[in-house]
Amino acid sequence: MQNKRDLPWRETKDPYQIWISEIMLQQTRVASAIDYFNRFLKQFPTISDLAQAEEQEVLKLWQGLGYYSRARNLHAAAKIIQLEYHGIFPDSYKEILKLKGIGTYTAAAIASFAFNLPHAAVDGNVYRVLSRLYGINKAIDSTEGKKYFQTIASETMGNAIPEIYNQAIIEFGALQCIPRSPKCDICPLLANCFAHNNAQVDQFPVKSKQIKTKNRYFYYLFLSCKSRFLIEKRKKKDIWENLFQYPLIEYDKPISTNELLRTSEWKELFGNMELVIHSVSENVIHKLSHQNLHTKFIHIEMDIDKMKNKYGYAIINHSEISEYPFPKLIEDHLNKMTKNNP
DNA sequence: AATTCGGGGCT
DNA sequence: AGCCCAGAATT
């Protein structure tokens, strides 16, 4: 295919590198993943390097990319490959599919790209191309729809070379048959395209579900003493699992600073300590796909060594920021603080 | 079958 | 403001 892009993961047949790229590309644009891919491979050149790393180091390399369970699953799977497959990446679709974080799309992608095995990789691009081309109105987010598209994709692949076919149809969806305003005027499949011939290009693919967003209210306590401040690790099954943040008081509705001082969480943290609030930030609205996080940062300068016996918290210095993975929301705030205090 | 996981870019 | 991105795991 003469119009394909030059991408770093296309320069190798190493299943490990292809694996890393496919995980990073899940629900993530190519442009966002390129730098992360290069940094990741530089730090972890082989499965063995990744398997021996600490999860925290892997998450730090993933910082800002989102969907952090991908990094946790990647690390866990590397350990499994190291122990149970003697460090050799499995070379069958069935075995690849067993690995954590690898579903039908990623297994087919790796199987075809690394081992040229005949499995049709069906991602968002393929759903779009096939639904428009054939006029398939089954919902792509239904169990039946997914199964149907997988069948159609396999039939469409036929006896083509799996690696070439999969790369081509995905690339076609990414560059030509794009979600909005596809380039139909220069499309080679124009004459055969159901959607175009029926003026329904914007009707495909069909989705059934709709996302609803929740509002959450975060009050982050930036407790500092000179260049040191308090952090904790998020451990619950929630957003940002195993990433670090400042002590957090979450509420189900917006509250004033005065109300915050009277919450049980505040009293639990500080008892009857005397505190001076240095500043309260403006409301920062951090938007995720399905959550709007209304956030305020409460800056308190205090003798934070009084907090070191509080279970679950750690005191770190600015110079140690590079060792801890933080959500983008915290990373942005840290960048502001360190700019003011070099 | 429905929900939950980030963050960014484009319209 | 909404949609979607080289999706998968969990409930």
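By convention in this document, chain letters (A, B, ...) are assigned in the order of the sequence lines, proteins followed by strands, and residues within each chain are numbered from 1.
Of the side-chain N and O atoms in A:K207, none sit less than 4.0 angstrom from OP1 or OP2 of C:dC3. The phosphate of C:dG2 (OP1 or OP2) has no side-chain N or O of A:R180 nearer than 4.0 angstrom. Contact annotation: A:W240 reaches the phosphate of B:dG7 (side-chain N/O to OP1 or OP2, under 4.0 Å). Here A:S289 does not reach the OP1 or OP2 of B:dC5: none of its side-chain N or O atoms lies under 4.0 Å away. When the side-chain nitrogen and oxygen atoms of A:Q27 are compared with OP1 and OP2 of C:dG7, one or more of them lie within a distance under 4.0 Å. One finds a side-chain N or O of A:H286 lying less than 4.0 angstrom from the OP1 or OP2 phosphate oxygen of B:dG7. Not one side-chain nitrogen or oxygen of A:K237 sits closer than 4.0 Å to the OP1 or OP2 atom of C:dA9.
Residue A:Q291 is in sugar-phosphate contact alone, with no base atom involved, counting any heavy-atom pair closer than 4.0 Å across all strands shown. Residue-level contact check: A:T104 touches the backbone only, with heavy atoms under 4.0 Å from sugar-phosphate atoms and none from bases. If you check every strand for non-hydrogen atoms under 4.0 Å, A:K146 touches nothing. Among the atoms of the strands shown, only primed sugar atoms or phosphate atoms (P, OP1, OP2) are found under 4.0 Å from some heavy atom of A:D238. When heavy atoms are screened at a 4.0 angstrom cut-off, A:R72 is found touching no nucleic acid atom at all. A:S142 comes within 4.0 angstrom of nothing in the nucleic acid, heavy atoms only. The residue A:L7 sits close to a base: some heavy atom pair falls under 4.0 Å. As judged by a 4.0 angstrom heavy-atom cut-off over every strand, A:W9 is placed among the base-contacting residues. Among the heavy atoms of the strands, none lies under 4.0 Å from A:G173.
Between the C1' atom of B:dA2 and the CD atom of A:E144 lies a distance of 17 Å, rounded to the nearest Å. For the pair A:L25 CG and B:dG7 P, the interatomic distance rounds to 18 Å; values are reported in whole Å. A:I170 has its CD1 atom 13 Å from the C1' atom of C:dC5, to the nearest Å. To the nearest angstrom, C1' of B:dT4 lies 13 Å from CZ of A:R234. Rounded to an integer number of Å, the gap from A:I23 CD1 to C:dA8 C1' is 9 Å. Taking atom NZ on A:K212 and atom P on C:dG2, their separation rounds to 15 Å, with Å as the unit. Protein atom CG of A:D202 is 13 Å distant from nucleotide atom C1' of C:dC3, rounded to whole Å. Between the C1' atom of C:dA8 and the NZ atom of A:K100 lies a distance of 13 Å, rounded to the nearest Å.
The residue among A:P327 and A:T143 whose nearest nucleotide of DNA chain B is located toward the 5' end is A:T143. Nucleotides of DNA chain C nearest to A:N125 and A:G101 differ in position, and the one nearer the 5' end is that of A:N125.
No N or O donor and acceptor, one from the side chain of A:R70 and one from the base of C:dA6, sit under 3.5 Å apart. Side-chain to base pairing of A:T28 with B:dG7: no donor and acceptor N or O lie closer than 3.5 Å to each other. On a pure distance criterion of 3.5 Å, no polar donor-acceptor pair joins the side chain of A:S32 and the base of B:dG8.
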Show your reasoning for whether ring pair (Phe, Tyr, Trp, His ring centres under 6.0 Å) applies to A:H333 and A:Y220. CA-CA 10 Å; A:H333 181 262; A:Y220 273 124; 8.5 Å; no
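Spacing between C:dA8 and B:dG8 at atom P, rounded to whole Å, works out to 22 Å. For the C1' atoms, the distance linking B:dT3 with C:dA6 amounts to 23 Å, nearest Å.
Closest contact between the side chain of A:K209 and the listed nucleotides C:dC5, C:dA8, B:dT3 involves B:dT3.
Residues A:Y246 and A:F222 bring their aromatic ring centres within 6.0 Å. Between A:F44 and A:F40, the distance from one ring center to the other falls under 6.0 angstrom. Two rings, from A:F194 and A:Y134, have their centers 6.0 Å or more apart.
Both thresholds, 5.5 Å between centres and 30° between ring planes, are met by A:Y67 relative to the base of B:dC5, so the two rings are stacked.
Under 3.5 Å, the side chains of A:Q63 and A:K60 contain a donor-acceptor pair of N or O atoms.
Judged by distance alone, with hydrogens and angles left aside, the side-chain atoms of A:K138 form no donor-acceptor pair with the main-chain N or O of A:Y148 at under 3.5 Å.
We find that A:E84 and A:K98 are not joined by a salt bridge, their nearest charged nitrogen and carboxylate oxygen being 4.0 Å or further apart.
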